[in-house]
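One structure is given below, encoded as structure tokens.
Fair warning: this is a prediction, and the values are worked out from it, not measured in the lab. Within every chain, numbering begins at 1; the chains are lettered A, B, ... in the order of the sequence lines, protein sequences first and strands thereafter.
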Protein chains: 2
Amino acid sequence: MVTEREFLDDYDPRAYPAVAVTVDVVTLTIRDGVLHVLLVERGEQPFAGCLALPGGFVREETLDEAALRELAEETGILPRVHLEQLATFGGPGRDPRMRVVSVAYLAFAPRLPDPTVGGDAAAARWVPVDDATDLAFDHDAILAAGLERARAKLEYTPLATAFVGEEFTIAQLRGVYTAVWGEEPHAGNFHRKVLSVPGFIEATGSTTQRGGERGGPRSKLYRAGDARILHPALLRPSSEERR
Amino acid sequence: MVTEREFLDDYDPRAYPAVAVTVDVVTLTIRDGVLHVLLVERGEQPFAGCLALPGGFVREETLDEAALRELAEETGILPRVHLEQLATFGGPGRDPRMRVVSVAYLAFAPRLPDPTVGGDAAAARWVPVDDATDLAFDHDAILAAGLERARAKLEYTPLATAFVGEEFTIAQLRGVYTAVWGEEPHAGNFHRKVLSVPGFIEATGSTTQRGGERGGPRSKLYRAGDARILHPALLRPSSEERR
DNA sequence: AGAGTCATTCTCAGCTTGAGTTAATCTCAT
DNA sequence: ATGAGATTAACTCAAGCTGAGAATGACTCT
């Protein structure tokens with residue numbers, strides 16, 4: 001990570017401005033069909049009163065462990081979360097106090113209870129992503145990067161299954177795509193597609209106890225398959241508009 | 001990037017083991033049809049004599065600037081390089097001397113002259129990626145991540161054009177895919193495909209002065225189009241084997 | 001001149017996709 | 001109870017894309 005010569009020439013901790021390394025976590029979940037992100041309210045300057053992504057200093061642990069620890073501290077306990085590194089933000093001036101390099105993580109969780117307030121932050125809560133603006137520091141950019149990553153990964157990975165419970169219906173899975181993409185896939189084609197992609201989902205053999213709230217037959221239940229990537233991919237309807 | 005409370009509680013630079021932040025750059029190019037990576041030879045312990053990725057400390061600059069600077073120091077001058085952040089590696093124990101968090105970058109360059117030795121490193125050189133094993137620190141893992149990213153991005157971005165010159169033939173572009181994927185796409189289908197994806201390449205109107213070295217007609221010349229993503233994507237032949 | 005190479009264009013069958021339709025199964029309000 | 005409306009699941013069909021192979025010339029080298 002550094003050439004020896006430069007290490008010897010330059011290495012003197014006191015000669016450098018202190019650099020802090022933190023992790024920030026973009027945690028996404030779906031509540032009532034709407035994509036939410038976990039935010040904490042800052043109590044002090046700078047950005048007092050602003051909402052921010054949960055995060056904190058990295059200790060004697062790997063970066064992944066730090067992200068998982070921060071998340072657990074904010075929300076109590078996190079079962080079955082998918083966690084992956086998103087990107088690192090480290091320009092000078094991100095934090096007015098000192099140089100802070102922040103490794104951002106992205107987490108996906110099935111619907112969880114409201115965060116325990118006994119955690120690290122004064123107040124942690126789920127906020128619909130559309131309302132999550134004017135965050136502290138450069139957290140708007142971090143959130144935007146997380147959302148774009150999530151949207152893209154729904155296409156070619158079985159990530160959507162991380163948002164639903166152990167057993168789920170195809171309609172619930174479709175709801176994940178609708179919430180994240182902001183657009184509803186064609187129900188019939190979606191059904192055909194998720195069943196045809198090998199390893200995406202597998203039938204449990206049972207069905208729901210009742211039909212939908214407003215009627216309809218009982219739907220079959222599925223669980224996540226063992227595929228790590230989807231092939232062929234599920235392309236989002238709006239992909240023509242991108243360019 | 002950090003809650004205020006934790007910042008106040010924990011922040012004391014001397015109370016923390018010093019953390020260094022560096023950038024390491026995986027620079028890929030194609031020479032004689034073979035994918036190469038830029039490596040430097042370490043002169044000192046640890047890993048003296050080992051090959052390593054070029055990199056160094058982050059100064060008063062953004063992370064992107066640091067990566068670009070390190071690259072320029074190693075190779076002289078870098079025109080037209082594509083540079084993107086890859087991932088951050090920061091577990092304890094990566095470097096036996098101190099905690100080092102390294103932000104890895106991925107760069108793609110058209111064929112360049114051999115690196116100027118007047119740069120930062122004692123000896124920088126291009127090494128075929130298949131020979132780039134047993135690197136210092138965890139650079140094997142960083143390189144592997146860079147290669148996988150490069151292979152994936154060839155599918156859905158016009159990245160391949162970053163490996164060739166301003167003007168290029170479709171065969172040269174195919175050569176990029178062959179070198180990176182390790183598998184030659186079907187020539188006819190590749191030709192049809194790159195021409196049909198909107199914004200990938202555009203004809204310049206001219207042709208090469210001569211045919212190929214071993215015969216064949218003169219080929220038309222193209223330049224990169226303005227698309228940022230390819231739609232539909234160019235899938236690698238081996239994608240069925242993944243799973 | 002002849003052999004071999006290679007860019008480019010076609011053909012064609014198979015597969016996937018988008019859009020719409022149909023049948024059967026339920027819930028809810030009347 | 002009964003009908004209206006909703007929903008799952010399955011089917012149809014045309015259009016587009018893909019992989020594989022082959023044909024056509026334009027070149028270079030011997």
If you count heavy atoms of other groups shown closer than 6.0 angstrom to CZ of B:Arg111, is the number above 12?
yes

Base, sugar-phosphate or nothing for A:Arg192? Non-hydrogen atoms, less than 4.0 Å.
base

Of all the nucleotides listed (C:dT16, D:dT8, C:dT8), which has the minimum atom distance to the side chain of B:Ile170?
C:dT8

Can you list the steps and then say if A:Leu53 with A:Val25 is a side chain to side chain contact (heavy atoms under 4.5 Å, CB included)?
CA-CA 6 Å; A:Leu53 297 171; A:Val25 187; over 6 Å; no

Heavy-atom check, side chain of B:Val37 versus side chain of B:Thr27, under 4.5 Å:
no

Protein-nucleotide distance (A:Phe190, atom CZ; C:dT17, atom P), rounded to Å
13 Å

Regarding B:Gly215, tell me which of base, sugar-phosphate or nothing describes its non-hydrogen contacts under 4.0 Å with the strands shown.
base

What nucleotide, of C:dA7, C:dA19, D:dT8, holds the atom closest to the side chain of A:Ala171?
D:dT8

Rounded distance (Å) that lies between atom P of D:dT30 and atom CZ of B:Arg214
12 Å

Selection from C:dC28, D:dT7, C:dT16 that lies nearest to any side-chain heavy atom of A:Pro217:
D:dT7

Going by an N to O cut-off under 4.0 Å, is there a salt bridge joining A:Glu166 and A:Arg223?
no

What is the separation between atom CG on A:Leu195 and atom P on D:dA9, rounded to the nearest whole Å?
8 Å

Heavy atoms under 4.0 Å, any strand shown: does A:Ala187 hit a base, just sugar-phosphate, or nothing?
nothing

5'-most contact on DNA chain C (nearest-nucleotide basis), A:Leu234 vs B:Ser219, goes to B:Ser219

How close or far is atom P of C:dC6 from atom CD of B:Gln172, stated in whole angstroms?
14 Å

Grab the CZ-P distance between B:Arg218 and D:dT28 for me, whole Å please.
6 Å

Does A:Arg174 place a side-chain N or O at less than 4.0 Å from the phosphate oxygens OP1/OP2 of D:dA9?
no

Just call it for A:His191: base, sugar-phosphate, or nothing, with non-hydrogen atoms closer than 4.0 Å on any strand.
sugar-phosphate

If each of B:Gly212 and A:Gly188 is mapped to the nucleotide of DNA chain D with the nearest heavy atom, which maps nearer the 5' terminus, i.e. the 5' end?
A:Gly188

Is the side chain of B:Gln85 donor-acceptor paired with the backbone N or O of B:Asp64 at a distance under 3.5 Å, no angle test?
no

Whole-Å gap separating P (C:dC15) and NZ (A:Lys193):
14 Å

For C:dC6, take OP1 and OP2 only and decide whether either is under 4.0 Å from a side-chain N or O of B:Lys220.
no

Tell me the interatomic distance from A:His186, atom NE2, to D:dT12, atom P, rounded to whole angstroms.
15 Å

Length of the CG-P vector between A:Asn189 and D:dA14, whole Å
16 Å

